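Comments concern the structure below.
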Amino acid sequence: MNHNKIFRRNFLIAGTSAALASWASPTQSATQHAQPCSGSPPAPTGADVAGPFFRDGSPQRTILHRGNEDEILTVRGTVSGGNTDSGFLPVPHARIEIWHASPTGLYDNDSDSYLYRAHFFTNADGSYAFETATPMGYRDGPLDRPAHIHYRIMADGFKPLTTQLYFSGDPKMDGDKFVNENDGYARAVLLERLGPGRFVTSFDIRLETAT
(Lines give C-alpha, C1' and ligand atoms only; values in the text may rest on other atoms or scores of the structure.)
Protein backbone atom coordinates (compact mmCIF):
# COMPACT_ATOMS: atom_id res chain seq x y z
CA MET A 1 0.00 0.00 0.00
CA ASN A 2 1.44 3.39 -1.01
CA HIS A 3 1.27 5.57 2.08
CA ASN A 4 2.29 8.64 0.09
CA LYS A 5 -0.65 8.39 -2.31
CA ILE A 6 -3.12 7.86 0.53
CA PHE A 7 -1.59 10.80 2.38
CA ARG A 8 -1.82 13.08 -0.64
CA ARG A 9 -5.41 12.13 -1.48
CA ASN A 10 -6.78 12.59 2.01
CA PHE A 11 -4.78 15.42 3.51
CA LEU A 12 -3.43 17.80 0.86
CA ILE A 13 -4.82 21.31 0.72
CA ALA A 14 -6.31 21.66 -2.75
CA GLY A 15 -5.71 25.25 -3.78
CA THR A 16 -3.84 25.65 -7.03
CA SER A 17 -4.82 29.24 -7.74
CA ALA A 18 -4.29 30.34 -4.15
CA ALA A 19 -0.88 28.69 -4.02
CA LEU A 20 0.19 30.27 -7.28
CA ALA A 21 -0.83 33.69 -5.99
CA SER A 22 0.93 33.15 -2.65
CA TRP A 23 4.20 32.05 -4.25
CA ALA A 24 4.23 34.27 -7.32
CA SER A 25 7.21 36.19 -5.94
CA PRO A 26 10.48 34.20 -5.79
CA THR A 27 11.44 35.79 -2.47
CA GLN A 28 9.51 37.05 0.52
CA SER A 29 10.79 39.14 3.38
CA ALA A 30 11.88 37.55 6.62
CA THR A 31 9.45 39.69 8.57
CA GLN A 32 6.55 38.32 6.55
CA HIS A 33 7.53 34.74 7.28
CA ALA A 34 8.53 35.23 10.90
CA GLN A 35 5.14 36.34 12.17
CA PRO A 36 3.50 33.76 14.46
CA CYS A 37 0.20 32.27 13.38
CA SER A 38 -1.54 33.02 16.68
CA GLY A 39 -1.64 35.89 19.15
CA SER A 40 0.95 34.27 21.40
CA PRO A 41 4.52 35.60 21.22
CA PRO A 42 6.89 33.62 19.00
CA ALA A 43 9.22 31.12 20.62
CA PRO A 44 12.35 29.33 19.40
CA THR A 45 11.69 26.37 17.12
CA GLY A 46 11.61 23.12 19.06
CA ALA A 47 14.35 20.53 18.73
CA ASP A 48 13.89 16.94 17.55
CA VAL A 49 16.10 13.89 17.24
CA ALA A 50 18.75 13.69 14.53
CA GLY A 51 18.07 9.99 14.02
CA PRO A 52 20.58 7.42 12.80
CA PHE A 53 20.74 8.42 9.12
CA PHE A 54 22.69 11.69 9.09
CA ARG A 55 25.76 11.73 6.80
CA ASP A 56 28.63 14.20 6.78
CA GLY A 57 29.79 15.62 3.49
CA SER A 58 26.51 16.50 1.75
CA PRO A 59 26.88 18.72 -1.33
CA GLN A 60 25.93 22.38 -1.32
CA ARG A 61 22.79 22.64 -3.47
CA THR A 62 19.13 23.60 -3.32
CA ILE A 63 17.82 21.02 -5.80
CA LEU A 64 17.72 17.67 -4.00
CA HIS A 65 15.54 15.69 -6.41
CA ARG A 66 16.60 13.90 -9.59
CA GLY A 67 13.82 15.34 -11.77
CA ASN A 68 12.03 12.06 -12.47
CA GLU A 69 10.05 11.67 -9.24
CA ASP A 70 6.26 11.73 -9.28
CA GLU A 71 6.00 14.58 -6.79
CA ILE A 72 8.25 17.60 -6.35
CA LEU A 73 8.02 19.73 -3.22
CA THR A 74 9.32 23.28 -2.80
CA VAL A 75 9.99 24.34 0.79
CA ARG A 76 10.45 28.04 1.50
CA GLY A 77 10.92 29.90 4.74
CA THR A 78 13.20 32.03 6.86
CA VAL A 79 15.66 31.64 9.68
CA SER A 80 15.42 34.28 12.40
CA GLY A 81 17.11 34.48 15.76
CA GLY A 82 16.66 36.01 19.18
CA ASN A 83 14.34 35.19 22.05
CA THR A 84 10.71 35.51 23.02
CA ASP A 85 11.25 38.66 25.09
CA SER A 86 13.34 40.69 22.65
CA GLY A 87 11.93 39.27 19.41
CA PHE A 88 13.50 37.52 16.43
CA LEU A 89 15.45 39.11 13.57
CA PRO A 90 16.51 37.59 10.23
CA VAL A 91 19.71 35.55 10.31
CA PRO A 92 21.73 35.83 7.08
CA HIS A 93 24.16 33.10 6.02
CA ALA A 94 22.84 30.51 8.45
CA ARG A 95 23.92 27.02 7.41
CA ILE A 96 21.03 24.61 6.84
CA GLU A 97 21.58 20.87 6.43
CA ILE A 98 18.72 18.80 5.00
CA TRP A 99 18.25 15.03 4.81
CA HIS A 100 15.21 12.81 4.36
CA ALA A 101 13.95 9.48 3.08
CA SER A 102 13.12 8.85 -0.56
CA PRO A 103 9.58 8.63 -2.01
CA THR A 104 9.78 4.91 -1.22
CA GLY A 105 10.89 5.41 2.39
CA LEU A 106 14.61 4.68 2.00
CA TYR A 107 17.67 6.75 3.01
CA ASP A 108 20.73 7.00 0.78
CA ASN A 109 23.32 6.04 3.38
CA ASP A 110 26.32 5.27 1.18
CA SER A 111 26.13 6.42 -2.45
CA ASP A 112 28.23 9.24 -3.89
CA SER A 113 25.02 10.94 -5.05
CA TYR A 114 23.88 11.83 -1.52
CA LEU A 115 20.27 11.53 -2.65
CA TYR A 116 17.88 13.81 -0.76
CA ARG A 117 20.74 15.32 1.20
CA ALA A 118 22.17 18.82 0.90
CA HIS A 119 23.37 21.89 2.70
CA PHE A 120 22.93 25.56 1.78
CA PHE A 121 22.87 29.02 3.37
CA THR A 122 20.21 31.61 4.04
CA ASN A 123 20.10 34.79 1.98
CA ALA A 124 20.78 38.31 3.31
CA ASP A 125 17.16 38.58 4.50
CA GLY A 126 17.27 35.20 6.27
CA SER A 127 15.21 33.47 3.59
CA TYR A 128 15.85 30.04 2.08
CA ALA A 129 14.26 27.71 -0.43
CA PHE A 130 14.91 24.24 -1.78
CA GLU A 131 13.26 21.68 -4.05
CA THR A 132 13.07 17.98 -3.30
CA ALA A 133 10.89 14.92 -3.77
CA THR A 134 8.15 14.46 -1.20
CA PRO A 135 9.45 11.92 1.34
CA MET A 136 7.60 8.85 2.49
CA GLY A 137 7.21 7.48 6.00
CA TYR A 138 8.92 4.20 6.81
CA ARG A 139 9.25 1.46 9.40
CA ASP A 140 12.50 1.30 11.36
CA GLY A 141 12.35 -1.71 13.67
CA PRO A 142 9.43 -1.13 16.03
CA LEU A 143 9.05 2.48 14.83
CA ASP A 144 6.56 3.34 12.10
CA ARG A 145 7.60 6.87 11.28
CA PRO A 146 5.54 9.52 9.50
CA ALA A 147 7.00 11.41 6.55
CA HIS A 148 9.46 14.06 7.71
CA ILE A 149 12.44 16.19 6.69
CA HIS A 150 15.45 16.56 8.98
CA TYR A 151 16.99 20.01 9.52
CA ARG A 152 20.24 21.02 11.18
CA ILE A 153 20.79 24.79 11.43
CA MET A 154 23.92 26.60 12.60
CA ALA A 155 24.68 30.33 12.73
CA ASP A 156 27.17 32.49 14.61
CA GLY A 157 25.76 33.81 17.86
CA PHE A 158 22.92 31.27 18.10
CA LYS A 159 22.43 27.84 19.57
CA PRO A 160 22.63 25.09 16.91
CA LEU A 161 19.30 23.44 16.24
CA THR A 162 18.44 19.95 15.01
CA THR A 163 14.76 19.48 14.25
CA GLN A 164 12.24 17.84 11.93
CA LEU A 165 9.50 19.13 9.64
CA TYR A 166 6.32 17.01 9.53
CA PHE A 167 3.22 17.10 7.33
CA SER A 168 -0.18 18.02 8.76
CA GLY A 169 -2.72 15.23 8.58
CA ASP A 170 -0.23 12.39 8.30
CA PRO A 171 -2.00 9.56 10.15
CA LYS A 172 1.29 8.15 11.42
CA MET A 173 1.96 11.21 13.55
CA ASP A 174 -0.43 10.17 16.35
CA GLY A 175 1.53 7.02 17.15
CA ASP A 176 5.05 8.38 16.63
CA LYS A 177 7.10 8.68 19.83
CA PHE A 178 9.31 11.47 18.48
CA VAL A 179 6.36 13.57 17.35
CA ASN A 180 4.73 13.24 20.75
CA GLU A 181 7.87 13.63 22.87
CA ASN A 182 9.13 16.66 20.92
CA ASP A 183 5.89 18.52 20.08
CA GLY A 184 6.15 17.63 16.41
CA TYR A 185 2.66 18.95 15.76
CA ALA A 186 4.04 22.47 16.21
CA ARG A 187 6.29 21.79 13.18
CA ALA A 188 3.68 20.15 10.93
CA VAL A 189 3.16 22.06 7.68
CA LEU A 190 0.35 22.19 5.15
CA LEU A 191 1.05 21.53 1.49
CA GLU A 192 -0.48 23.49 -1.35
CA ARG A 193 -0.79 22.15 -4.87
CA LEU A 194 0.85 24.21 -7.60
CA GLY A 195 -0.04 21.83 -10.40
CA PRO A 196 0.25 18.17 -11.36
CA GLY A 197 2.94 16.64 -9.16
CA ARG A 198 4.07 20.03 -7.82
CA PHE A 199 3.59 21.18 -4.21
CA VAL A 200 4.81 24.01 -2.01
CA THR A 201 4.97 24.69 1.71
CA SER A 202 6.52 27.13 4.18
CA PHE A 203 8.65 26.33 7.22
CA ASP A 204 10.10 29.15 9.31
CA ILE A 205 12.81 28.53 11.88
CA ARG A 206 13.61 30.59 14.97
CA LEU A 207 17.00 30.12 16.62
CA GLU A 208 17.73 30.91 20.24
CA THR A 209 20.52 33.34 21.08
CA ALA A 210 23.61 31.62 22.43
CA THR A 211 24.37 32.35 26.07
Side-chain angles (χ1 to χ4, degrees), residues 1-28 32-33 37 48 51 53 55 58-78 96-109 111-120 122-123 127-140 144-152 163-174 176 179 184-185 187-205:
M1 181 178 294
N2 190 318
H3 170 69
N4 252 27
K5 289 183 178 178
I6 294 173
F7 172 51
R8 303 288 172 247
R9 183 172 65 245
N10 291 338
F11 300 102
L12 274 175
I13 301 300
T16 303
S17 60
L20 287 172
S22 299
W23 298 103
S25 172
T27 60
Q28 297 189 4
Q32 283 178 308
H33 278 295
C37 295
D48 210 327
F53 301 119
R55 288 178 67 189
S58 69
Q60 182 175 343
R61 59 187 177 191
T62 55
I63 305 295
L64 283 66
H65 60 81
R66 292 173 292 178
N68 60 353
E69 295 91 343
D70 291 338
E71 294 179 356
I72 301 299
L73 172 64
T74 298
V75 182
R76 298 181 180 181
T78 59
I96 302 177
E97 185 100 21
I98 297 293
W99 68 102
H100 66 79
S102 73
T104 57
L106 300 175
Y107 280 89
D108 177 7
N109 294 320
S111 87
D112 293 336
S113 298
Y114 282 82
L115 292 175
Y116 312 117
R117 299 174 183 272
H119 75 273
F120 46 85
T122 56
N123 299 315
S127 65
Y128 75 91
F130 66 92
E131 285 187 10
T132 192
T134 52
M136 184 177 179
Y138 56 88
R139 182 172 289 279
D140 181 21
D144 192 15
R145 298 231 61 207
H148 57 280
I149 297 176
H150 291 273
Y151 278 70
R152 180 173 290 179
T163 192
Q164 296 183 36
L165 172 160
Y166 297 98
F167 299 94
S168 292
D170 190 325
K172 291 188 176 185
M173 289 183 68
D174 287 346
D176 186 78
V179 168
Y185 289 100
R187 287 171 275 108
V189 300
L190 292 170
L191 303 188
E192 291 189 84
R193 190 186 303 274
L194 292 178
R198 302 287 301 196
F199 303 94
V200 65
T201 195
S202 177
F203 184 58
D204 297 328
I205 298 156

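This is a predicted model, so every value here is computed, not measured.
- Aromatic ring orientation, H148 versus Y138: tilted (interplanar angle from 30° to 60°).
- Environment of CG in D112: sparse, with no more than 12 heavy atoms of neighbouring residues, nucleotides or ligands closer than 6.0 Å.
- Panel note: side chain R76, backbone A129; no donor-acceptor pair is recorded below 3.5 Å.
- Between K172 and D174 the shortest side-chain heavy-atom distance does not fall below 4.5 Å.
- In this structure a side-chain-to-backbone donor-acceptor pair under 3.5 Å is present from S102 to T104.
- Residues E71 and P103 are not in side-chain contact: their nearest non-hydrogen atoms beyond the backbone lie 4.5 Å or more apart.
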What's the verdict on side-chain contact (heavy atoms from CB on, under 4.5 Å) for L191 and V200, showing C-alpha distance, side-chain angles and the deciding distance? CA-CA 6 Å; L191 303 188; V200 65; over 6 Å; no

Would you sort out whether I72 and F199 count as a side-chain contact (heavy atoms from CB on, under 4.5 Å), showing the intermediate values? CA-CA 6 Å; I72 301 299; F199 303 94; over 6 Å; no

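- Scanning all heavy atoms of the two residues, the minimum distance from R66 to E69 falls at N-OE2, 2.9 Å.
- In this structure, CG in D170 is found 9.0 Å from CG in D176, a value given to the nearest 0.5 Å.
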Does D108 form a salt bridge (Lys or Arg N to Asp or Glu O under 4.0 Å) with R117? I'd like the steps, not just the answer. CA-CA 8 Å; D108 177 7; R117 299 174 183 272; 5.6 Å; no

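- A donor atom on one side chain and an acceptor atom on the other are found under 3.5 Å apart for D48 and Y166.
- Residue L73 holds its CG atom at 6.5 Å from OG1 of T134, rounded to the nearest 0.5 Å.
- Of the possible donor and acceptor atoms, one in the side chain of T201 sits under 3.5 Å from a partner among the backbone N and O of L190.
- Between R187 and Q164 the shortest heavy-atom distance is NH1-O, 2.7 Å.
- Side chains of Y107 and D140: no donor on one and acceptor on the other come within 3.5 Å.
- Panel note: side chain D204, backbone T78; a donor-acceptor pair is recorded below 3.5 Å.
- The ring pair (Phe, Tyr, Trp, His ring centres under 6.0 Å) with F130 is formed by just one residue from the set F120, W99, Y116; it is F120.
- To the nearest 0.5 Å, atom CD of residue E131 and atom CZ of residue R198 are 4.5 Å apart.
- In this structure, A118 and S58 approach most closely via the heavy-atom pair C-OG, 3.4 Å.
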Please walk me through it: do F167 and V189 pass side-chain contact (heavy atoms from CB on, under 4.5 Å)? CA-CA 5 Å; F167 299 94; V189 300; 4.1 Å; yes

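- Note that R55 lies in the cation-pi zone of Y114, set by a 6.0 Å cut-off to the ring centre and a 45° limit from the axis.
- Annotation: the span from L165 atom CG to I205 atom CD1 amounts to 8.5 Å, rounded to 0.5 Å.
- Proximity of the aromatic rings of Y151 and H100 is defined here by a centroid distance below 6.0 angstrom, and this criterion is not met.
- Remark: H119 NE2 to R61 CZ distance equals 10.5 Å, nearest 0.5 Å.
- How far OG1 of T62 is from CD1 of I98: 11.0 Å, rounded to the nearest 0.5 Å.
- The two residues P135 and A101 make their nearest non-hydrogen contact at CB-O, 3.3 Å.
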